Student: 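Before we start, here is the structure in question, set down as structure tokens.
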Amino acid sequence: EFSEVNTDPRTGNITVRSGELTEVVEITQSSAEFVAAMSVKADDLNADADGDELTFTVTSNVAWTATTDVDWVVLSPAGSEASAEAVTVTATVAENLLTKERTAVVKVAADGIEETVTIVQGGSVPKPQAMDGAGTESDPYLIKTVGNMLAVRDAAKVDATTYFRMEND
């Protein structure tokens, strides 16, 4: 738990009485040294290939910021002032059009303290995708995506000529 730290010195009195006698003892506590503290809690942050919204929490007694090394993850909020309450950060993960898994590192920093959160997103499984065109010589099927390439087999006509044109590598 984090709480606001009072760094001011404080003074208190102890009064001792015995019959008619009274003695007052003054006690002074010197100022405390402020220590920055931050805690980041993140469960397993694995995103679906279709995109996802994942969350983690940050608690800090000083202002903090969160940044990522990729453009396919957006953090909200990307920072906060000091708070005794945990702040929930939402990581919005964009769709992964690649078949390979990808990883993002989120750095949370506050007053010389840094913690990292790792987000892993699975790769997509390509599916056949309809192509533009009619498959004729004058209007060939256009192959623009991996999904279009997977649809070639089903688009080809048996005992006939079917025309295709590659539009992308």
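Predicted model, so just to flag it, every value in this text is computed and none were measured.
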Student: What verdict does the side chain to side chain contact (heavy atoms under 4.5 Å, CB included) test give for Val58 and Met38, after you've listed the backbone C-alpha separation in whole Å, the side-chain angles of each residue and the deciding distance to 0.1 Å?
Tutor: CA-CA 7 Å; Val58 179; Met38 181 179 68; 4.1 Å; yes
Student: How would you list, by chain and number, every residue that makes a side chain to side chain contact (heavy atoms under 4.5 Å, CB included) with Ser18, sequence neighbours excluded?
Tutor: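 None.
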Student: Find out whether Val93 and Leu54 are in side-chain contact, i.e. whether some heavy atom of one side chain is under 4.5 Å from a heavy atom of the other.
Tutor: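 Yes, their side chains come closer than 4.5 Å.
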Student: Side chain to side chain contact (heavy atoms under 4.5 Å, CB included) with Arg17: which residues, sequence neighbours excluded?
Tutor: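 Testing Arg17 for side chain to side chain contact (heavy atoms under 4.5 Å, CB included), a comparison that skips the adjacent residues, returns Thr15, Thr22.
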Student: Which ILVMFWY residues can you reach from Leu150 by hopping between side chains whose heavy atoms are under 4.5 Å apart?
Tutor: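 Hydrophobic cluster check, Leu150: joined to Val146.
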Student: Checking Asp44 now: which residues fulfil side chain to side chain donor-acceptor pair (under 3.5 Å) with it, not counting sequence neighbours?
Tutor: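 For Asp44 the side chain to side chain donor-acceptor pair (under 3.5 Å) partners, ignoring immediate neighbours, are Asn46.
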Student: How long is the span from the CD atom in Glu53 to the OG1 atom in Thr90, to the nearest 0.5 Å?
Tutor: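 Answer for the CD-OG1 pair, Glu53 versus Thr90, is 6.0 Å.
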Student: Please tabulate, for the side chains in residues 127-135, all donor-acceptor contacts under 3.5 angstrom to protein atoms that are two or more places apart in sequence or on a different chain.
Tutor:
from: Gln129; atom 1: OE1; to: Thr145; atom 2: OG1; distance (Å): 2.5
from: Asp132; atom 1: OD2; to: Lys144; atom 2: NZ; distance (Å): 3.1

Student: Got a sec, which pairs hit ring pair (Phe, Tyr, Trp, His ring centres under 6.0 Å) with one end in residues 123-146, sequence neighbours left out?
Tutor: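 For residues 123-146, and leaving out neighbouring residues, the ring pair (Phe, Tyr, Trp, His ring centres under 6.0 Å) pairs sorted by first residue read Tyr141-Phe164.
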Student: Going by the ring pair (Phe, Tyr, Trp, His ring centres under 6.0 Å) test, which pairs reach into residues 55-109, not counting sequence neighbours?
Tutor: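 For residues 55-109, and leaving out neighbouring residues, there are no ring pair (Phe, Tyr, Trp, His ring centres under 6.0 Å) pairs at all.
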Student: The test is side chain to side chain contact (heavy atoms under 4.5 Å, CB included); show your working for Val152 and Ile143 and say whether it passes.
Tutor: CA-CA 8 Å; Val152 166; Ile143 302 171; 3.7 Å; yes
Student: Which heavy atom of Val87 sits nearest a heavy atom of Pro77, and at what distance?
Tutor: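 Looking at all heavy atoms of both residues, the closest pair is CG1-CG, 3.9 Å.
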Student: Which donor-acceptor pairs under 3.5 Å do the side chains of residues 104-126 make with protein atoms, sequence neighbours left out?
Tutor:
from: Gln121; atom 1: OE1; to: Arg102; atom 2: NE; distance (Å): 2.7
from: Gln121; atom 1: OE1; to: Arg102; atom 2: NH2; distance (Å): 2.9
from: Gln121; atom 1: NE2; to: Asp48; atom 2: O; distance (Å): 2.9
from: Gln121; atom 1: NE2; to: Ala94; atom 2: O; distance (Å): 2.8
from: Ser124; atom 1: OG; to: Asn96; atom 2: O; distance (Å): 3.4
from: Ser124; atom 1: OG; to: Leu97; atom 2: O; distance (Å): 3.3
from: Ser124; atom 1: OG; to: Leu98; atom 2: O; distance (Å): 3.1

Student: Determine, using the 4.5 Å side-chain heavy-atom cutoff (strictly less than), whether Val16 and Ile27 are members of one ILVMFWY cluster.
Tutor: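 Yes; Ile27 is reachable from Val16 via cluster members.
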Student: Assess whether atom CG of Asp154 is packed by more than 12 heavy atoms of other residues, nucleotides or ligands within 6.0 Å.
Tutor: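 Enclosed.
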Student: Test of understanding: with side chain to side chain donor-acceptor pair (under 3.5 Å), list the residues that count as partners of Gln29, not counting sequence neighbours.
Tutor: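 Arg10.
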Student: Under the side chain to side chain donor-acceptor pair (under 3.5 Å) test, which residues partner Glu167, sequence neighbours left out?
Tutor: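 Result, side chain to side chain donor-acceptor pair (under 3.5 Å) vs Glu167: Arg165.
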Student: List for me each residue that meets salt bridge (charged side-chain N to carboxylate O under 4.0 Å, His left out) alongside Glu101, sequence neighbours excluded, and say none if there are none.
Tutor: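 Scan of Glu101 (salt bridge (charged side-chain N to carboxylate O under 4.0 Å, His left out), adjacent residues dropped) gives none.
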Student: Excluding sequence neighbours, so at least two apart, what forms side chain to side chain contact (heavy atoms under 4.5 Å, CB included) with Glu26?
Tutor: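 Glu26: side chain to side chain contact (heavy atoms under 4.5 Å, CB included) contacts with Thr11, Asn13, Thr28.
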Student: Show the numbers, then the answer: is there a side chain to side chain contact (heavy atoms under 4.5 Å, CB included) between Thr57 and Thr55?
Tutor: CA-CA 7 Å; Thr57 60; Thr55 61; over 6 Å; no
